[in-house]
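Everything on this sheet refers to the single structure shown next.
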Amino acid sequence: MGLLSELPVTAAWAEGLPRDALERVESGLSLREVAAGGALCHIGDPVEHWFGIASGLVKLSVVSAEGKPLTLAGVPSGGWFGEGAVLRDKLWRYSVVAMRDTTAVLMRRATFFWLLENSLPFNRFIIDQLNERLAQFVGSLEAARILTAKERVPRSLALLYNPRLYPGIDRRLHLSQEELGYLAGVSRQVANQSLQQLKAQGIVSIEYGKVTVLDFDALRQFLG
DNA sequence: TCATTAAATTGTT
DNA sequence: AACAATTTAATGA
């Protein structure tokens, strides 16, 4: 019974791997617990791992010269990220901060590259993932220009429910309105008002510290 | 298990 | 940004 099979994370890239390869890969994995507010890595840290989120929620963020934080993306449980950094960079270009208590899976660089050289499905997974993220960030540029602050909230929510990047994510997400505001780059007030509107439209339901998506199709309208 | 208190979150100004 | 109201989590009897 290996590490992967015990995790509540669907590691799609591991499907189809021969048993001996799987054992080899699992020897290159480790777990790390990070409390809410803690960091998985900081800007400038050496890139030593590819990250997966077994449970919890993290955000990828940078800080502007004036000290204003900018959130690039949120990654819920089931998501893997950092392949761009592992492939291209020696140092992290963004910080990874836990928005909730989080359990992360760390894959050593050497293991990552071994998979690249030995598994075609893994290569396919990485290409799909890079492509999906590229689409997200291109969309973000558009959204920043075209969408109002209130519209950026449902867009951010829709991004979290990307089935390709984060398969099997629960309809109900443990995510406060303040945290959603950080993700969307809007104030908590705007996040609140936007959620109220979405609730009135029957797209989401709101609970204390949680949001549940009721209508995925309606939410995807905000992706543009 | 229940009551009390602190902390977190929400809705509004 | 600041306020009050509400919900949850933590604590201890």
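Fair warning: this is a prediction, and the values are worked out from it, not measured in the lab. Residue numbers start from 1 in every chain, and the chains themselves are labelled A, B, ... in the order their sequence lines are given, proteins ahead of strands.
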Let me know the distance between [atom1] of [X] and [atom2] of [N], rounded to the nearest Å.
X	N	atom1	atom2	answer
A:Q177	C:dT8	CD	P	14 Å
A:E207	B:dA8	CD	C1'	16 Å
A:L195	B:dT10	CG	P	8 Å
A:R100	C:dT8	CZ	P	13 Å
A:I206	B:dT12	CD1	P	10 Å
A:Q197	B:dG11	CD	C1'	16 Å
A:Y182	B:dA8	OH	C1'	13 Å
A:D101	B:dA8	CG	C1'	13 Å

Does the distance from a Lys or Arg side-chain N to an Asp or Glu carboxylate O, for [X] and [Y], drop under 4.0 Å?
X	Y	answer
A:K59	A:E179	no
A:D20	A:R24	no
A:R188	A:E178	no

Base, sugar-phosphate alone, or nothing: which one does A:Q193 contact when heavy atoms must sit under 4.0 Å apart? nothing
Between A:Y208 and A:Q196, whichever has its closest DNA chain B nucleotide further toward 5' is A:Y208
Worked check of side-chain contact (heavy atoms from CB on, under 4.5 Å) between A:T102 and A:I53: CA-CA 7 Å; A:T102 295; A:I53 302 302; 4.1 Å; yes
Nearest-nucleotide wise, let me know which of A:K210 and A:R188 is further upstream toward the 5' end of DNA chain C. A:R188
Are OP1 or OP2 of B:dG11 and a side-chain N or O of A:N192 less than 4.0 angstrom apart? yes
